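Predicted model only: the values in this text are computed from it and were never measured.
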Amino acid sequence: MNSIYSNSKSNIVFHIVTMNDTVDHLKAWLSKTALHAVKYKILQFNPKVLDGKISKDPQQAEMIKPLNFARFYLPSFVPDAEKAIYLDDDVIVQGDIQELFDAQLKAGHAAAFSDDCDSASSKAIVRGAGNQNNYIGFLDFKRETIKKLGMRASTCSFNPGVFVANLTEWRLQNITNKIEKWMQLNVAEDLYSRTLAGSVTTPPLLIVFYKQHSTIDPMWHVRHLGSAGAGNRYSSQFVKAAKLLHWNGHFKPWGRASSFSDLWDKWYIPDPTGEFNPLRRHAEEK
């Protein structure tokens, strides 16, 4: 929030989606720091909407945290808006967010993403499990339900951690209902790839938005900063020139093993309650 607010003069309203147990903490953090001047709304996500729609597999516990699925319900959080930007919480913005908001979506498209194949981040794709830059890395093309869709397995995938949404189109096309349908089918038929290394939120979006989404400037979603070896894949000059940085992957910028955490630290506003503190190597060495 600080990086977005500090780098733009536009009238920005933040809608912070969280769970009930963090609302008071967030309010204290925002009201007692420099962020008190920011326009924001804190919205609670009800995990009951996910009943019957996500796997109970304990091995996927980390990936199936309820808030990961909040993006599917974007229109309900901003009911009066025609357009919105969704951002994961592990990003910072170095450009003027108005530029991303002004991204032009093609007629009939409800969202714009940054494609994996031709993005500025493509050289940092995680290839340890499956081909994580195309559809076969996320969906099981041996399943009859997937086969019947007629999608090309080699189609370039996208990362849904950052996207621009035309909420009017989203509502008209009942995008949320379509996503929920595929979530339920996956629970029943196990449609996602068994080599899936990325977020379980990606597969249903890939199906619903197959050849029906616009693209955003790759520099507005430079990602994989949270993957192993990210510091060797990107030059510091490139990362500093990026409009938006995304630490998707295991190593978050508030953790001790993250690459380019200094860029995240630049915008970090300390928690006045003292409940949260970033982990840093130098702090442990003292």
Can you measure from [atom1] ([X]) to [atom2] ([Y]) and round to the nearest 0.5 angstrom?
| X | Y | atom1 | atom2 | value |
| --- | --- | --- | --- | --- |
| I42 | L26 | CD1 | CG | 5.0 Å |
| L50 | F45 | CG | CZ | 4.5 Å |
| D265 | F260 | CG | CZ | 13.5 Å |
| I85 | Q98 | CD1 | CD | 8.0 Å |
| N133 | I136 | CG | CD1 | 11.5 Å |
| N174 | I179 | CG | CD1 | 11.0 Å |

Ignoring hydrogens and geometry, is there a side-chain-to-backbone donor-acceptor pair from [X] to [Y] under 3.5 Å?
| X | Y | answer |
| --- | --- | --- |
| R223 | G249 | no |
| S8 | Y5 | no |
| S235 | F238 | yes |
| K243 | H221 | no |
| S3 | I92 | no |
| N186 | W182 | no |
| Q94 | V239 | yes |

Sequence neighbours left out, what pairs pass salt bridge (Lys or Arg N to Asp or Glu O under 4.0 Å) with at least one residue falling in [range]?
| range | answer |
| --- | --- |
| residues 22-48 | none |
| residues 69-78 | R71-D88 |
| residues 132-150 | D140-R143, R143-D190 |

Test side-chain contact (heavy atoms from CB on, under 4.5 Å) on L245 and V91 and set out the steps.
CA-CA 5 Å; L245 302 175; V91 308; over 6 Å; no

Do the non-hydrogen side-chain atoms of [X] and [Y] ever get within less than 4.5 Å of each other?
| X | Y | result |
| --- | --- | --- |
| V38 | I4 | no |
| P66 | M19 | yes |
| W220 | S114 | no |
| C156 | D115 | yes |
| H224 | N248 | yes |
| L206 | M151 | no |
| N134 | T155 | no |
| W254 | W264 | yes |

Would you confirm whether the ring centroid of H213 sits within less than 6.0 angstrom of the ring centroid of F158?
yes

What is the ring orientation for F69 with F72, classed by angle as parallel under 30°, tilted 30 to 60°, or perpendicular over 60°?
perpendicular

So, using ring pair (Phe, Tyr, Trp, His ring centres under 6.0 Å) as the criterion, who are the partners of [X] when residues are at least two apart?
| X | result |
| --- | --- |
| Y210 | Y135 |
| H109 | none |
| F209 | F113, W170 |

Please walk me through it: do L30 and H36 pass side-chain contact (heavy atoms from CB on, under 4.5 Å)?
CA-CA 5 Å; L30 293 167; H36 73 275; over 6 Å; no

I need the minimum non-hydrogen distance between [X] and [Y], along with the two atoms involved.
| X | Y | value |
| --- | --- | --- |
| V93 | N7 | O-ND2, 3.0 Å |
| A110 | L105 | C-CD2, 3.9 Å |
| G161 | N159 | N-OD1, 2.7 Å |
| A153 | F141 | CA-CZ, 3.5 Å |

Side chain to side chain donor-acceptor pair (under 3.5 Å) partners for S261, two or more places apart:
none

Quick one: side chain to side chain contact (heavy atoms under 4.5 Å, CB included) partners of [X], sequence neighbours excluded?
| X | answer |
| --- | --- |
| E275 | H25, D271, T273 |
| N2 | S6, L35, W267, I269 |
| A257 | F251, R281 |
| K178 | Q173, V208 |

ILVMFWY cluster, V13 and V23 together (side-chain gap under 4.5 Å):
no

Would V187 end up clustered with I207 when hydrophobic side chains under 4.5 Å apart are linked, directly or stepwise?
no

Applying side-chain hydrogen bond (donor to acceptor under 3.5 Å, both in side chains) to T145 and E189, what does each step give before you reach the verdict?
CA-CA 8 Å; T145 301; E189 302 180 29; 2.4 Å; yes

Show which side-chain atoms of residues 73-83 pair as donor or acceptor with protein atoms under 3.5 Å away, not counting sequence neighbours.
| from | atom 1 | to | atom 2 | distance (Å) |
| --- | --- | --- | --- | --- |
| Y73 | OH | E180 | OE2 | 2.8 |
| S76 | OG | Y73 | O | 2.6 |
| K83 | NZ | F101 | O | 2.5 |
| K83 | NZ | A103 | O | 2.9 |

Please report the C-alpha distance between L87 and L244 in whole Å, then the side-chain angles of each, then the deciding distance to 0.1 Å, and finally whether the side-chain contact (heavy atoms from CB on, under 4.5 Å) criterion is met.
CA-CA 10 Å; L87 300 175; L244 182 149; 3.7 Å; yes

Hydrogens and angles aside, do D116 and S157 bring a side-chain donor and acceptor to less than 3.5 Å of each other?
yes

Indicate yes or no: does D96 engage K9 in a salt bridge with an N to O separation below 4.0 Å.
no

Evaluate side-chain contact (heavy atoms from CB on, under 4.5 Å) for N46 paired with Q44, printing each intermediate quantity in order.
CA-CA 6 Å; N46 183 359; Q44 295 182 43; over 6 Å; no

